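Everything below concerns the one structure shown next.
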There are 2 protein chains.
Amino acid sequence: MKVAEPTIERLVQYYRLLSQLKEEGRRVVSSQEIGEMLGLKASQVRKDLSYFGEIGKRGVGYHVDRLHQHVSQILSHPNVWKIGLVGVGRLGEALLGHKSLRSEKFGIEAAFDVDPEKVGKTIEGVPCYHVDEMPEVLKEKNIEIIILTVPAGAAQHAADKAVASGVVKGILSFATAPIAVPPGVLVYNVDIAAELEKLLFYLKSPAKEH
Amino acid sequence: MKVAEPTIERLVQYYRLLSQLKEEGRRVVSSQEIGEMLGLKASQVRKDLSYFGEIGKRGVGYHVDRLHQHVSQILSHPNVWKIGLVGVGRLGEALLGHKSLRSEKFGIEAAFDVDPEKVGKTIEGVPCYHVDEMPEVLKEKNIEIIILTVPAGAAQHAADKAVASGVVKGILSFATAPIAVPPGVLVYNVDIAAELEKLLFYLKSPAKEH
DNA sequence: GTTTGTGAAGGGCTTCACAGCT
DNA sequence: AGCTGTGAAGCCCTTCACAAAC
């Protein structure tokens, strides 16, 4: 089954909204209502949800509990992902303690840095190792995901070292530098500075509403 | 002139790369080379750069200095943007000290929180005010951009308060909740948890290389 | 010969519009 | 009558391919 990336992004939003509606005791919701709450067209919502089978009831809408479980199923994975975080600077430390990076579905199991002040300590409940120990620790703990929060200049080197372990399948990078990886490894970039620059550009030249 | 959002995002990358090439003393670069360094097709690079006039030399390539200045011009703005950061938690504090959010083109001028421990202090060189003081401080300092790093539950309220000042034009939100703003205010979202979920989804069901 | 600039083609995501259930 | 599911249309961005410039 082929699913577009924007659809997956919205599914995460649907999931959050449905969790909330469920808590509020809401039983049924329409694509129209979901759209209004998330700023999307109703047709977009229906198309997204229809990719994974007919789940709504025509003339009625979507049953909140049922849809919640359905979306959860789509986003679920068989095993619990183990994550390693490389670069325990301010941003890295912030992410180590970030609530949305803790769940029953994944968790940060190890941190890595070069600072002797940090190596050997436990930060936000996560043990910190030296970057040189990465290959062994990643293999030992079977860590398949890496969060990269190192300075741009160190990003490629850190990525290489992580990938060399042979167990890393995906990297979420916050570095403002493009990183190259061998085929089979998936990289997503979160470029905070670029997001800000985009915002500033469209504020300068008023064009469209995002 | 109509410019696509993905183009602006890439322009930021071109700018960074050109700054680096300039420092290395490089004089000329081709679209092919830029593409290889950033992981883009050469035709994409040329199309992006051509939106803003003919800047390359056929048969030669792009003059690094000239192109650097040209891209800088495109991304530039007449005034220096002043930014306010709302929510001095771990993530907020990390962003206050983040190098890529400091430049001659913009800067964080004020932080806001409700924690009495933080209000009145100067954090990473930025004075911290109480959230209740936002309207006056924003107006006084003429702060037009807001970075939102508050918990999801507080995001809409904080956004409302900031927008109520009347001077805020753009919001960069890190909250995992959609925020509604009146027309004329531009919102960009950085959803870290959603990026991670996307990565995990495509790792589960091996599909395309990003 | 080399590399840019660009119209045209291609591909992918969104929106429309309506058939199909309830 | 109300709302979903979906083929078709529309729109936007990327890629191609080649003429034009050096």
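Per chain, numbering begins at 1; letters A, B, ... match sequence-line order. None of the values given here were measured: they were computed from a predicted structure. Hydrogens, waters and symmetry mates are skipped; everything else that's a heavy atom, side chains included, is used.
Between the CD atom of B/Gln44 and the C1' atom of C/dT6 there is a distance of 14 Å, rounded to whole Å. Distance, B/Glu9 CD to D/dT14 P: 10 Å, rounded to whole Å. In this structure, B/Ile8 atom CD1 and D/dC12 atom C1' are separated by 15 Å, rounded to whole Å. The nearest whole Å value for the distance from the CD atom in B/Gln32 to the P atom in D/dT15 is 13 Å. A/Arg66 places its CZ atom 13 Å from the C1' atom of D/dT4, with the value rounded to the nearest Å. With rounding to whole Å, A/Tyr14 atom OH is found 12 Å from D/dT4 atom P. With rounding to whole Å, A/Tyr51 atom OH is found 12 Å from D/dG5 atom C1'. With rounding to whole Å, B/Phe52 atom CZ is found 16 Å from C/dT6 atom C1'.
Results of the side-chain contact (heavy atoms from CB on, under 4.5 Å) test with B/Tyr14 over B/Leu67, B/Thr7, B/Leu40 single out B/Leu40 as the only residue that passes.
Residue B/Ile55 is in sugar-phosphate contact alone, with no base atom involved, counting any heavy-atom pair closer than 4.0 Å across all strands shown. Here A/Ser43 lies in heavy-atom contact (under 4.0 Å) with a base.
Annotation: the span from B/Lys99 atom NZ to A/Arg90 atom CZ amounts to 9.5 Å, rounded to 0.5 Å. With values rounded to the nearest 0.5 angstrom, A/Leu11 atom CG is found 5.5 Å from A/Ile74 atom CD1. Interatomic distance, CG of B/Leu21 versus OH of B/Tyr62, reported as 14.0 Å (0.5 Å rounding).
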I'd like a table of atom pairs between the protein and nucleotides 9-11 of chain C - only N or O on both sides, under 3.5 Å - with the distance next to each one.
none

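Both B/Gly56 and A/Lys41 lie near DNA chain C, and the one whose nearest nucleotide falls closer to the 5' end is B/Gly56. Mapping A/Lys47 and A/Lys57 onto DNA chain C by nearest heavy atom places A/Lys47 closer to the 5' end of the strand. Between B/Val60 and A/Glu54, the residue whose closest nucleotide on DNA chain D is further toward the 5' end is A/Glu54.
For the pair B/Lys105 and B/Tyr15, the cation sits on the ring face: its NZ or CZ lies under 6.0 Å from the ring centre, inside 45° of the axis.
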* To do: Could you please spell out the steps behind the side-chain contact (heavy atoms from CB on, under 4.5 Å) verdict for A/Val126 and A/Val88?
  => CA-CA 11 Å; A/Val126 178; A/Val88 189; over 6 Å; no

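By the side chain to side chain contact (heavy atoms under 4.5 Å, CB included) test, A/Arg66 is found to be paired with A/Ile55, A/His63, residues two or more places apart in sequence or in another chain being considered.
Side-chain nitrogen and oxygen atoms of B/Arg46 include none within less than 4.0 Å of the OP1 or OP2 phosphate oxygen of D/dC16. At the phosphate of C/dT4, OP1 or OP2 sits under 4.0 Å from a side-chain N or O atom of B/Ser31. Look at B/Tyr62 and you'll find a side-chain N or O under 4.0 angstrom from OP1 or OP2 of C/dG5.
For B/Arg58, counting side-chain heavy atoms from C-beta on, the closest listed nucleotide (D/dA20, C/dT6, D/dT15) is D/dA20. Comparing C/dC13, D/dC3, C/dT6 by their closest approach to the side chain of B/Ser50 singles out C/dT6.
Of the charged side-chain nitrogens involved, at least one lies within less than 4.0 Å of a carboxylate oxygen, so that B/Glu195 and B/Lys198 count as a salt-bridged pair.
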